[in-house]
Amino acid sequence: MKLCGDIGGTKVLLGIVEEATDDTAPPWRLQKRFTCADYTNFAPLLGDFLAEAQAAGIHGMEISGGCLAVAGPVDADGQRAHLTNLPWLIDAVALAATFGLGRLHLVNDFVAAAAGIAVLAPQDIVDLQAGEPLERDVRIIVGAGTGLGVAALVCTDALSTLNAQLSIQDSRLKTPCWHILHGEGGHCGFAPADQQQADLWAFLHERAPTGRVTAEQVISGPGLLTIYDFLCSRQPVDQPDPRQAENIAAALTQLAETQPNSLARQAVDLFCAAYGAFAGDMAMTYMARGGVYIAGGIAARILPLLRSGPFLNAFNAKVEHRELALRMPLRVITDPLLGLRGAASLATTASNH
C-alpha cells in the first residue's frame with residue numbers, strides 16, 4: 001500500500017491506496033480531509049491520520065512509501081519542502097523514520113494535479129471551449145485556490161530524456177507517456193489589462209511588503225477578497241457584507257451568482273478577467289494545443305460565471321494570436337480530489353520503475 005497526500009495552504013487530503021497492477025486508478029483503502037489551521041505542522045496531522053488508519057486495520061509496516069504533493073517548491077532530491085502559504089517544513093526522510101513508513105517522495109501540488117488528469121472520469125471535465133485539440137501537443141493545468149499553480153505536460157515523443165518519477169501513462173489517449181514540467185508560474189508579475197486592473201495593481205502595490213504585485217495576489221482565494229476590498233474602497237459595500245460571513249469566498253461567489261448588480265459580482269468578474277488572461281498567457285507560453293485545464297475549488301464554484309462572464313473573452317484576447325488561442329481546448333476540472341488522485345498515481349507509478 002502507498003500513502004498519498006495533497007497538502008495545501010488551507011486543507012490537507014490524505015489517502016492510502018493499494019498498488020495498481022495496470023493503468024486503472026488504484027483502489028482506495030482510506031481517505032481523510034484535514035484543516036491546516038488545526039495544526040502547527042504536518043507531522044502531528046500525519047500522526048492523527050495514521051492512528052485512524054491503524055484503527056481501520058491498516059498498519060504502518062504495510063505502507064511501502066508514497067507520494068505527498070505540497071503547495072510550494074520542492075528541493076531537487078524530492079525530500080524537503082517549505083509550503084508557500086504556511087510556515088510548515090515537510091521533511092520526507094524524517095517523516096518516514098518517525099512513522100516507520102517506506103520511502104516518501106515529495107512533489108509540487110501541481111505536478112500531482114497534472115498527473116491526476118490521466119485518471120479523471122469524463123464527468124469530471126467540463127468544456128468551456130472545444131478548440132481544435134492536437135492530442136500529442138502540450139497540455140497545461142492552471143488552478144487558483146489558496147495560491148495559484150501551473151504545470152505543463154509534454155508527450156515524451158518530444159523528449160530525449162525522461163524523469164521516471166514525474167512521468168505518467170494515459171491509456172485513454174494511447175500515447176506513450178507524459179512528462180510533467182513544474183514551476184511557480186503563479187508568482188510571475190500581475191499584468192493589468194485595463195484601467196480598473198491598473199488601479200487594482202496600484203492598490204496592491206501600496207500594500208505589498210516588497211512592492212512587487214504577483215498574479216497569485218489577484219488570482220486566488222485571498223486575491224478575490226482583496227479585489228472586493230479594492231472595490232469597497234471606491235463604492236458602497238454590499239449589504240449584508242459578505243466579508244462578515246464565516247466562509248467569505250463562498251459568500252462572495254454566491255452573492256455574485258444571485259445578485260448580478262452587486263459589488264460581489266463586479267469582484268468576481270474582475271477576478272475572472274484576470275484569471276482568464278493569465279490562463280491564456282500560460283497557454284501561449286507553452287503553445288498548449290493539447291488542452292488547457294482549469295483546476296482548483298474556485299473554478300468549480302463559479303463555473304456558470306466562467307461560462308458566461310469575462311473569463312473566456314480574456315483567455316482569447318491575444319490580439320494577433322486570437323485565432324490561435326481559439327484553437328486551444330479549454331476545460332474545467334470539477335473533481336475536488338484531483339491532486340490526491342494524482343499523488344496516488346505518482347506513488348504507484350514510481351514503485352513500478
Side-chain angles (χ1 to χ4, degrees), residues 110 113-114 117 125-145 147-154 180-201 204 213-221 223-224 226-227 256 266-334 338:
F110 266 73
I117 292 173
I125 303 174
V126 177
D127 282 343
L128 291 183
Q129 175 170 289
E132 298 172 6
L134 301 177
E135 297 294 0
R136 288 176 180 258
D137 266 32
V138 176
R139 309 171 183 175
I140 66 167
I141 181 166
V142 178
L148 176 63
V150 182
L153 297 97
V154 181
I180 302 170
L181 307 176
H182 58 95
E184 291 291 337
H187 297 278
C188 68
F190 170 57
D194 56 28
Q195 187 57 54
Q196 185 184 47
Q197 292 186 25
D199 292 343
L200 172 61
W201 181 93
L204 284 162
V213 180
T214 67
E216 182 175 277
Q217 290 172 262
V218 176
I219 309 162
S220 62
L224 177 58
T226 297
I227 292 172
Q266 292 183 43
V268 171
D269 281 348
L270 200 163
F271 173 87
C272 286
Y275 199 172
F278 177 81
D281 288 350
M282 292 295 105
M284 294 297 292
T285 299
Y286 286 103
M287 246 351 156
R289 290 294 307 279
V292 179
Y293 294 82
I294 306 299
I298 297 176
R301 191 183 302 136
I302 63 171
L303 184 56
L305 298 181
L306 292 183
R307 291 179 185 274
S308 61
F311 181 91
L312 197 53
N313 285 338
F315 179 87
N316 290 317
K318 296 296 176 268
V319 195
E320 64 271 19
H321 292 306
R322 175 176 171 79
E323 293 304 315
L324 177 57
L326 285 166
R327 290 198 291 271
M328 295 181 180
L330 182 58
R331 298 157 179 158
V332 176
I333 297 172
T334 59
L338 173 69

Quiz prompt | Pairwise side-chain contact, Ile227 with Val268, heavy-atom cut-off 4.5 Å (strictly under) | solution = no
Self-check item: Side chains of Val142 and Ile219 in contact at under 4.5 Å (non-hydrogen atoms)
Solution: no
Quiz item: Among all residues two or more places apart in sequence or in another chain, which pass the side chain to side chain donor-acceptor pair (under 3.5 Å) test with Thr214?
Solution: Gln217
Exercise. Give the minimum heavy-atom separation between Leu224 and Ala267, together with the two atoms involved.
Key: CD1-O, 4.0 Å
Quiz item: Would you say Glu132's side chain and Arg327's backbone share a donor-acceptor pair under 3.5 angstrom?
Solution: no
Exercise. Starting at CD1 of Ile117, measure out to CD1 of Ile333 and round the result to the nearest 0.5 Å.
Key: 4.5 Å
Quiz item: Considering the options Leu128, Leu312, Ile302, which one meets the side-chain contact (heavy atoms from CB on, under 4.5 Å) requirement together with Arg307?
Solution: Leu128
Quiz item: For the residue pair Phe315 and Phe311, does the interplanar ring angle fall in the parallel (under 30°), tilted (30 to 60°) or perpendicular (over 60°) class?
Solution: parallel
Quiz item: With a 4.5 Å heavy-atom cut-off, do Leu306 and Cys272 have their side chains touching?
Solution: yes
Quiz prompt | Test side-chain contact (heavy atoms from CB on, under 4.5 Å) applied to Leu326 - qualifying residues, sequence neighbours left out | solution = Gln129, Asn316, Arg322, Glu323
Quiz item: Distance from Met328 atom CE to Leu134 atom CG, nearest 0.5 Å?
Solution: 9.5 Å
Quiz item: Atom CD1 in Ile141, atom CG in Leu153: separation rounded to 0.5 Å?
Solution: 8.0 Å
Quiz item: Got Gln197 and Val218 here, is their nearest side-chain heavy-atom distance under 4.5 Å?
Solution: no
Quiz prompt | Closest contact, heavy atoms only, Ile298 versus Gly221 | solution = CD1-N, 3.4 Å
Quiz item: Does Ala314 have any side-chain contact (heavy atoms from CB on, under 4.5 Å) partners at least two apart in sequence or in another chain, and if so, which?
Solution: Ala277
Exercise. Please collect all side-chain hydrogen bond (donor to acceptor under 3.5 Å, both in side chains) contacts where either partner lies in residues 284-301, sequence neighbours excluded, each pair once.
Key: Tyr293-Arg331
Quiz prompt | Residue pair Met287 / Leu324, side-chain heavy-atom distance below 4.5 Å | solution = yes
Quiz item: Which pair of heavy atoms, one from Ser220 and one from Gly147, lies closest together, and at what distance?
Solution: CB-O, 3.9 Å
Quiz item: Which atom pair, heavy atoms only, marks the closest approach of Ala300 to Thr334?
Solution: CB-CA, 4.3 Å
Self-check item: His321 side, atom NE2; Met284 side, atom CE - distance, nearest 0.5 Å
Solution: 5.0 Å
Quiz item: Going by the salt bridge (charged side-chain N to carboxylate O under 4.0 Å, His left out) test, which pairs reach into residues 191-201, not counting sequence neighbours?
Solution: Asp199-Arg234
Quiz item: Which pair of heavy atoms, one from Ala114 and one from Ile180, lies closest together, and at what distance?
Solution: CB-CG2, 4.0 Å
Quiz item: Side chain of Tyr275, backbone of Ala299: donor and acceptor closer than 3.5 Å?
Solution: no
Quiz item: To the nearest 0.5 Å, what is the distance between CD1 (Ile125) and CG (Leu338)?
Solution: 9.0 Å
Quiz item: What residues form a side chain to side chain donor-acceptor pair (under 3.5 Å) with Glu184, not counting sequence neighbours?
Solution: Asn108
Quiz item: Which heavy atom in Pro192 sits nearest to a heavy atom in Trp201, and how many Å separate them?
Solution: CG-CB, 3.8 Å
